[in-house]
Amino acid sequence: MGPLIVRGVHGGVPGAAEQPEPELVEVEVGSTALLKCGPSHSLGNFSHADWFSVHKEKPTLIFRVRQGRGESEPGEYQHRLSLQDKGPTLALTDVTPHDERIFLCQGKRPRSQEHRIQLRVYKAPEEPSIQANGLGISVNSREPEEVATCVGRNGYPVPQVIWYKNGRPLKEQKNQVHIQSSQIVESSGLYTLRSVLKAQLLKEDKDAHFYCELSYRLPSGNHMKESREVTVPVFYPAEKVWLEVEPVGALKEGDRVEIRCLADGNPPPHFSISKQNRSTREMVEETTVDNGVLVLAPAQKEHSGLYECQGLDLETTASLLSDQQELLVNYVSDVLVSPAAPESQEGSNLTLTCEAESNQALEFQWLREKTGRVLGQGPVLDLHNLNREAEGGYRCVASVPSVPGLNSTQLVNVAIFGPPWMALKERKMWVQENMVLNLSCEASGHPRPTISWSVGGKASEQDQGPQSVLSILNVLVTPELLETGAECVASNSLGRNTTIIFLELESNRTTGLTTTTVSPHARANSTSTEKKLPEPKSKGVVIVAVTVCLLVLALLGAVLYFFYKKGKLPCGRSGKQEITLPPSRKSDFVVEVKSDKLPEEMGLLQGSNGDKRAPGDQGEKYIDLRH
């Protein structure tokens with residue numbers, strides 16, 4: 001807080017009208033008040049003066065000034081007074097509301113003179129708090145009801161309160177608005193203001209905002225503080241009741257639908273929802289869990305019909321009825337495909353027909369179950385020249401284009417008469433001796449085939465489809481089983497088919513031993529068993545021999561080129577020439593190239609005249625460098 005502020009405003013002191021008006025000094029609580037012993041233009045000598053505190057017109061000595069030195073008197077001001085600059089100014093620190101009084105200074109020299117000072121103290125109140133009436137106010141009340149209470153704490157002097165509704169100040173109005181304010185004096189001397197607003201409210205006030213404003217004065221001027229805004233529950237009877245349906249738009253079976261009663265009263269009345277009976281045309285009340293909310297989950301076509309809502313005001317016992325509203329739940333019935341279990345001979349034709357009902361226009365579509373491919377549009381699907389691949393699932397989808405997501409489907413399986421069909425005629429498995437393994441065999445056909453095994457073991461079957469079965473045989477790998485293998489036999493009334501499973505030891509695969517294997521293209525429906533030819537054992541030798549041959553030829557070419565560049569090798573197109581080598585290199589030098597390639601591979605080796613060698617010429621070939 002700053003020092004005192006001396007203003008040119010004077011006020012009278014009750015009971016002392018004959019005295020001149022005191023000088024007014026304004027200061028905030030907690031700051032320091034500077035009291036001058038005489039007007040600022042006075043030229044008097046105040047080196048000797050007495051200061052008095054006047055309370056209820058009774059002066060009490062509080063400070064003495066002698067030869068420019070000050071001394072406090074015992075009492076409430078003993079520790080808060082001091083002389084400023086050895087002059088006529090007395091400082092009062094830590095001002096409180098109790099210090100608001102008249103202070104008197106009596107100068108002793110050159111002649112006795114007196115100066116009176118009126119000290120005014122101010123303190124801004126805290127932010128006002130407001131509490132609304134949470135119980136609410138009825139518009140039928142015959143007198144003003146409490147709307148809200150405003151409290152402003154620790155101000156001085158008592159602030160003024162102004163109430164506002166929607167930004168406009170409220171004034172006292174008989175039987176309409178009443179403001180009741182009171183204040184409490186705290187031990188500190190500060191005031192706490194409590195103001196209660198009472199009013200008669202209308203239905204239009206249900207969204208009204210109320211707040212209070214505290215106006216107060218400080219030495220710096222007038223100020224104000226506002227509370228937050230509050231609303232008050234306003235109770236009024238309903239005048240209208242209506243129905244709402246969620247979600248909005250076209251409804252379909254399976255949706256979660258809410259039928260909700262609404263009213264324009266507060267609190268809402270007690271609701272009941274009724275649905276018209278199609279037979280008797282009477283309205284029958286529906287069971288609701290929540291007041292005024294009927295949940296249909298999932299919605300069915302039977303939920304379609306006329307609905308209405310009734311609202312009963314429990315206070316006035318008045319009853320209101322809504323307009324009737326029609327609810328339409330769109331549906332598609334279960335799809336029927338005929339024939340239900342279609343079957344046909346290979347090469348013949350088949351017609352599938354799809355039927356469904358709906359309250360809307362339907363579209364039909366046919367899909368292949370295995371691939372999802374669209375086969376056609378419309379309720380009829382014609383299949384021509386059927387083969388075994390045509391068996392399996394066909395799905396009919398009936399949908400309503402005008403209601404997204406509304407559809408129904410049905411799947412049928414087409415069976416083609418024929419003997420069992422198996423994927424492979426023969427196959428091979430790598431195993432370890434004395435291990436236990438599962439052998440599997442799958443077959444399809446119509447009528448549904450049965451599967452048997454040529455070896456003993458525990459077998460189990462699993463249906464893979466209407467005309468397909470999978471058999472799993474649990475066996476122990478023995479030398480006898482390695483020798484014979486296992487044969488799976490599938491049979492029905494139209495024939496039989498087999499698959500042979502050959503077993504090979506893993507050790508044979510790691511050592512590279514050649515065994516007879518089954519061609520991966522040997523299909524079960526072929527009439528002969530197709531086996532791989534034994535692989536030639538010399539393929540690796542051929543590769544090594546050809547590589548060595550090419551390296552030797554490259555070396556020979558390099559030697560010939562070297563002698564040619566040195567001039568020791570005559571050039572000529574015909575006749576034999578002797579290759580002269582250094583003495584140390586004159587020893588016999590013979591390169592032998594062997595090959596056991598197949599005839600078609602030998603065509604890649606050409607003679608010295610550039611022609612291909614004859615296919616039958618597969619003997620040993622020599623290059624003699626001596627002649």
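Of all heavy-atom pairs spanning Pro169 and Tyr164, the tightest one is N-CD2, 3.4 Å.
Remark: the Thr499 side chain and the Glu487 side chain contain no N/O donor-acceptor pair separated by less than 3.5 Å. No side-chain donor-acceptor contact under 3.5 Å links Asn133 and Glu146. For Asn154 and Glu126, the side-chain atoms include at least one donor-acceptor pair closer than 3.5 Å. If you check the side chains of Ser399 and Gln365, you find no donor sitting under 3.5 Å from an acceptor. Side-chain contact annotation: Lys225 with Ser215, donor-acceptor N/O pair under 3.5 Å absent. Between the side chains of Ser181 and Ser195, a donor-acceptor pair is found at a separation under 3.5 Å. In summary, the side chains of Glu343 and His446 do present a donor paired with an acceptor at a separation below 3.5 Å, with no hydrogens or angles considered.
The side chain to side chain contact (heavy atoms under 4.5 Å, CB included) search around Ser274 returns Met283, Glu285, Glu308, not counting sequence neighbours.
Using a cut-off of 4.0 Å between Lys/Arg side-chain N and Asp/Glu carboxylate O, Arg256 and Glu258 are scored as salt-bridged. The pair Arg395-Glu369 meets the salt-bridge criterion, since a charged nitrogen lies less than 4.0 angstrom from a carboxylate oxygen.
In this structure, Leu476 and Leu481 have side chains that are not in contact, with every pair of non-hydrogen atoms separated by 4.5 Å or more.
Stacking of Arg427 on the aromatic ring of Phe502 is not recorded, the 6.0 Å distance cut-off and the 45° axial limit not both being met.
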